[in-house]
Amino acid sequence: MIDKQHRIKIAIQKSGRLTDLSLDLLQRCGLKYTRSRDQLIAFGENMPIDILLVRDDDIPALVRDDVCDLGIAGLNVVEEKRLRFLDEPDNESGMEEPFEIVRQLDYGQCRLCFAYPAGGEINSVQALNGLRVATTYPYIVGDYLRRHSIDAEVIEFSGAVEIAPGMGRADAICDLVSTGTTLLANSLREGEVVLESRATLLRTPLEVPAEKADWMARLLQRIDGVMQVRESKYIMMHAPKYALAEIRNLLPGSEAPTVLPLDSLDNRVAVHVVCRENVFWETLENLKSAGASSILVMPVEKMLP
Ligand code: ATP
Ligand code: ZN
């Protein structure tokens, strides 16, 4: 039995593209868990946080209905469900938002976009007036078409949308793309982007008991730290004192560097700095040109912003 008063429940995808990355994120936040035999729930051992493993499509409703306090799903799923919930007849009371989007995470990137038969006459979304679009995201696509005053018929598919034009079931599609190879394989050409998506952290719109709210705040802070660390590097180098200003300008996203004297050298110092962006070879080459030497770039293990 889960102690709802004190333990946070977070829903993540059971098996799919977001599963490993979401579990990895929670582990990096320090969560140790055991997975039960049916694998529906993983109980947190060292933090009052339990993980519910479900289909990604179910996650927004679990958070809306307060079965879970938090959830991680792609923005594509989150936005589709949000529009659907707001449109439901039992939302007469004009329920405000069914959940709160608290973070956009740094994985699961893809885009929801229109695609048209290659070599066909349709080149843009404007040409879809009076035609049919197949998609698994009827609410997002319907909303987009309305906002662009395009009168097209939206045909809901539950999967394999990309074969719809070839089967004569639609004139165009609107589907998720990351590399575009699936489109190419189905002789489709990518068109307008409707939504840039990535994994998204949701929370219940309801207030939670103080103890849980504390843990939620801690988890959010750790998630921010994990995301920042993934981009951050610790750089150490020796540099001539006169070049310090120039060197500072060369370092992307850095805070004030630590400058330390070097034994028996008067005109050179050691410079240590955390860069919150990726450091490329070009940057190192520029640092060297500015007079730096012994340049070391190291990953950062943990960071508390
Ligand atoms: P489930 O069984 O949980 O319903 P699914 O088949 O709906 O799984 P996946 O294919 O595992 O879902 O994708 C999960 C999420 O990963 C998508 O909703 C999307 O946000 C993201 N994603 C990232 N890249 C892609 C991609 N190339 N194609 C589809 N989804 C992608
Ligand atoms: Zn799904």
Side-chain angles (χ1 to χ4, degrees), residues 1-82 84-85 88 90 95 97-110 136-137 158-159 176 197-227 229-230 302:
M1 192 55 210
I2 290 176
D3 174 359
K4 197 158 164 28
Q5 187 68 20
H6 300 102
R7 296 186 69 84
I8 292 169
K9 231 195 287 179
I10 178 166
I12 68 165
Q13 192 184 22
K14 180 172 188 204
S15 150
R17 286 184 159 96
L18 302 180
T19 307
D20 290 347
L21 294 163
S22 301
L23 287 171
D24 178 67
L25 177 67
L26 294 172
Q27 272 168 343
R28 282 175 194 271
C29 289
L31 183 66
K32 291 192 166 51
Y33 54 83
T34 42
R35 262 172 106 158
S36 65
R37 218 173 297 150
D38 67 359
Q39 299 204 323
L40 207 70
I41 290 193
F43 294 100
E45 290 168 2
N46 58 340
M47 291 157 77
I49 299 177
D50 300 315
I51 308 170
L52 204 68
L53 294 134
V54 293
R55 284 200 56 199
D56 65 348
D57 313 73
D58 296 334
I59 292 171
L62 289 168
V63 177
R64 173 194 62 174
D65 299 338
D66 199 32
V67 178
C68 291
D69 310 283
L70 299 170
I72 298 177
L75 184 62
N76 48 305
V77 169
V78 168
E79 187 58 11
E80 178 70 14
K81 298 291 180 187
R82 192 181 72 85
R84 190 182 289 260
F85 295 157
E88 274 173 2
D90 62 357
M95 174 180 68
E97 295 299 315
F99 38 70
E100 233 181 85
I101 293 178
V102 280
R103 288 293 184 281
Q104 297 283 333
L105 305 172
D106 58 359
Y107 56 92
Q109 285 87 345
C110 56
T136 37
Y137 301 92
S158 51
L176 287 182
S197 180
R198 47 163 88 196
T200 301
L201 178 69
L202 305 179
R203 69 154 276 168
T204 167
L206 304 178
E207 235 181 88
V208 297
E211 199 179 320
K212 261 165 80 163
D214 277 356
W215 268 105
M216 253 192 217
R218 279 174 85 170
L219 183 65
L220 275 183
Q221 191 178 45
R222 290 185 189 186
I223 287 175
D224 290 339
V226 169
M227 290 199 291
V229 154
R230 290 206 261 239
K302 284 193 178 63

Inset, instruction - Ignoring hydrogens and angles, tell me if any N or O in the side chain of Arg203 forms a donor-acceptor pair with the backbone of Asp69 under 3.5 Å. - result: no

Legend entry - Side-chain donor/acceptor of Thr19 to backbone N/O of Gln13, under 3.5 Å: yes

Inset, instruction - Report the distance from atom NZ of Lys9 to atom CG of Asp50, rounding to the nearest 0.5 Å. - result: 8.0 Å

Inset, instruction - Without swapping roles, check the side chain of Arg103 against the backbone of Asp224 for a donor-acceptor pair under 3.5 Å. - result: no

Legend entry - Minimum heavy-atom distance between Val226 and Cys29, given as atom pair plus value: CG2-SG, 4.0 Å

Legend entry - Side chains of Gln104 and Thr200 in contact at under 4.5 Å (non-hydrogen atoms): yes

Legend entry - Check: Ile72 and Leu202 side chains under 4.5 Å, non-hydrogen atoms: no

Inset, instruction - Answer whether the closest heavy-atom distance between the side chains of Val208 and Trp215 falls below 4.5 Å. - result: no

Legend entry - Side chains of Leu52 and Ile41 in contact at under 4.5 Å (non-hydrogen atoms): yes

Inset, instruction - First locate atom CZ of Phe43, then atom CZ of Arg7, and finally report the distance between them rounded to the nearest 0.5 Å. - result: 8.0 Å

Solution key, residues 56-63 side-chain donor-acceptor pairs under 3.5 Å, sequence neighbours excluded:
unit_1	atom_1	unit_2	atom_2	d
Asp57	OD1	Arg55	NH2	2.9

Inset, instruction - Please report the shortest heavy-atom distance between Lys302 and Val229, naming the atom on each side. - result: C-CG2, 3.6 Å

Inset, instruction - May I ask you to decide if Asn76's main-chain N or O and Ser197's side chain share a donor-acceptor pair within less than 3.5 Å? - result: yes

Legend entry - Glu207 atom CD, neighbour heavy-atom count above 12 within 6.0 Å: no

Inset, instruction - Indicate yes or no: at least one non-hydrogen side-chain atom of Ile51 is less than 4.5 angstrom from one of Leu31. - result: yes

Legend entry - From CD (Glu211) to NE2 (His6), nearest 0.5 Å: 4.5 Å

Legend entry - Inter-residue atom distance Leu70.CG - Lys212.NZ, 0.5 Å rounding: 9.0 Å

Inset, instruction - List the atom of Ser158, the atom of Thr136, and the distance in Å for their closest heavy-atom pair. - result: C-CG2, 3.5 Å

Inset, instruction - For the residue pair Leu201 and Ile10, establish whether any side-chain heavy-atom pair is separated by less than 4.5 Å. - result: yes

Legend entry - Interatomic distance, Arg64 atom CZ to Glu88 atom CD [nearest 0.5 angstrom]: 5.0 Å

Inset, instruction - Please report the closest heavy-atom contact between Cys110 and Leu176, naming both atoms and the distance. - result: SG-CD2, 3.8 Å

Legend entry - Heavy-atom check, side chain of Asp24 versus side chain of Tyr107, under 4.5 Å: no

Legend entry - Between CG on residue Leu105 and CE on residue Met227, distance to nearest 0.5 Å: 5.5 Å

Inset, instruction - Taking the side chain as every heavy atom from C-beta outward, state whether Met216 and Leu219 have any pair of such atoms under 4.5 Å apart. - result: no

Legend entry - salt_bridge(Asp214, Arg218) N-O dist < 4.0 Å: no

